[in-house]
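Both backbone and side-chain heavy atoms feed into the values below; hydrogens, waters and symmetry mates do not. We count residues from 1, following the sequence as given.
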Amino acid sequence: MSLIFLAGAAAPLAAAEQEVLLMGLGYFPDEIYVSIGDVINFVNDSTVPMSATATDASWDSGVLQPGESFALEVTDGMQSSFGNTYDAESSAAGYIDYVNPAPLELENNS
């Protein structure tokens with residue numbers, strides 16, 4: 001009986017999906033806490049084209065028109081900082097944290 005329990009406990013957890021909204025002037029949330037293997041869906045919820053691009057350009061949503069989305073799988077060692085490269089004057093910036101757990105106040109607001 002305990003062997004069955006141990007085998008079940010060793011099964012990998014399903015990847016979670018998180019959402020980041022592109023809001024014209026920034027991202028919401030601008031800092032997201034995820035685990036390796038999770039998927040982040042970047043959704044352009046603004047009225048202007050935007051992008052979500054790693055600061056080292058290792059991943060890029062491309063230009064997302066209003067209503068469009070881009071799915072990004074979180075991988076170990078990936079660039080965490082991102083910004084809007086579509087608009088050179090944009091100060092929109094975000095951060096993906098896959099190393100640290102979410103602060104307690106964020107966990108309680110799930």
Side-chain angles (χ1 to χ4, degrees):
M1 192 69 133
S2 61
L3 288 178
I4 294 171
F5 174 76
L6 289 175
L13 297 174
E17 287 195 26
Q18 304 286 336
E19 190 170 85
V20 173
L21 300 178
L22 287 68
M23 307 286 293
L25 297 176
Y27 303 100
F28 181 78
D30 60 359
E31 187 165 345
I32 185 167
Y33 294 86
V34 294
S35 298
I36 294 171
D38 286 357
V39 173
I40 303 170
N41 291 307
F42 291 90
V43 179
N44 188 343
D45 195 38
S46 73
T47 59
V48 297
M50 287 186 71
S51 71
T53 306
T55 54
D56 68 357
S58 59
W59 57 266
D60 185 1
S61 68
V63 177
L64 297 176
Q65 297 297 325
E68 291 184 328
S69 64
F70 167 75
L72 175 69
E73 182 176 349
V74 178
T75 59
D76 190 25
M78 70 182 280
Q79 174 62 39
S80 296
S81 299
F82 62 93
N84 178 17
T85 57
Y86 176 74
D87 180 354
E89 295 180 19
S90 174
S91 62
Y95 187 77
I96 300 167
D97 192 336
Y98 57 86
V99 176
N100 300 301
L104 185 56
E105 64 270 9
L106 291 179
E107 288 180 3
N108 289 335
N109 290 324
S110 307

A.B. asks: Could you go through residues 17-27 and list every donor-acceptor pair under 3.5 Å that involves a side-chain atom there, pairing it with any protein atom two or more places apart or in another chain?
C.D. replies:
residue: E17; atom: OE1; partner: N41; partner atom: ND2; Å: 2.9
residue: Y27; atom: OH; partner: S51; partner atom: O; Å: 2.7
residue: Y27; atom: OH; partner: G83; partner atom: O; Å: 3.1
residue: Y27; atom: OH; partner: N84; partner atom: N; Å: 3.0

A.B. asks: Let me check something: do I96 and L64 share a hydrophobic cluster, defined by ILVMFWY side-chain heavy atoms less than 4.5 Å apart, either directly or through other members?
C.D. replies: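 As far as the 4.5 Å side-chain criterion goes, L64 and I96 are connected within one cluster.
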A.B. asks: Let me check something: any side-chain donor-acceptor pairs from residues 68-75 under 3.5 Å, sequence neighbours excluded? List them with distances.
C.D. replies:
residue: E68; atom: OE1; partner: Q65; partner atom: N; Å: 2.7

A.B. asks: Apart from V39 itself, what residues make up its hydrophobic cluster, given side-chain heavy atom links below 4.5 Å?
C.D. replies: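 V39 shares its hydrophobic cluster with no other residue.
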A.B. asks: Just jot down the side-chain hydrogen bond (donor to acceptor under 3.5 Å, both in side chains) partners of D97, sequence neighbours excluded, or say none.
C.D. replies: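 With neighbours one apart ignored, the set is N100.
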A.B. asks: Using the test side-chain hydrogen bond (donor to acceptor under 3.5 Å, both in side chains), find all partners of D56 that sit at least two apart in sequence or belong to another chain.
C.D. replies: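 Residues passing side-chain hydrogen bond (donor to acceptor under 3.5 Å, both in side chains) with D56: S58.
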A.B. asks: As an exercise, state the distance from CD1 of I40 to CH2 of W59, rounded to the nearest 0.5 Å.
C.D. replies: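 Result: 7.0 Å between the selected atoms.
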A.B. asks: Nearest 0.5 Å, what's the OH-CG distance between Y33 and D38?
C.D. replies: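 It is 14.5 Å, given to the nearest 0.5 Å.
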A.B. asks: Listed by chain and number, what are the side-chain hydrogen bond (donor to acceptor under 3.5 Å, both in side chains) partners of T55, not counting sequence neighbours?
C.D. replies: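 If we apply the side-chain hydrogen bond (donor to acceptor under 3.5 Å, both in side chains) test to T55, skipping adjacent residues, the hits are Q79.
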A.B. asks: Flag yes if V63 and F42 sit in one hydrophobic cluster, no otherwise; membership is Ile, Leu, Val, Met, Phe, Trp, Tyr, and two members link when side-chain heavy atoms are under 4.5 Å apart.
C.D. replies: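 In one cluster with V63: F42, no.
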A.B. asks: Given a cutoff of under 4.5 Å between side-chain heavy atoms of I, L, V, M, F, W and Y, with clusters grown through shared members, what are the other residues clustered with Y95?
C.D. replies: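 Listed partners: none, Y95 stands alone.
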A.B. asks: Can you give me the closest heavy-atom contact between N44 and S46, atom names plus distance?
C.D. replies: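 N44 and S46 have their closest heavy atoms at OD1-OG, 2.6 Å.
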A.B. asks: Rounded to the nearest 0.5 Å, what separates atom CD1 in I32 from atom OH in Y98?
C.D. replies: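 The OH atom of Y98 is 14.0 Å from CD1 of I32, to the nearest 0.5 Å.
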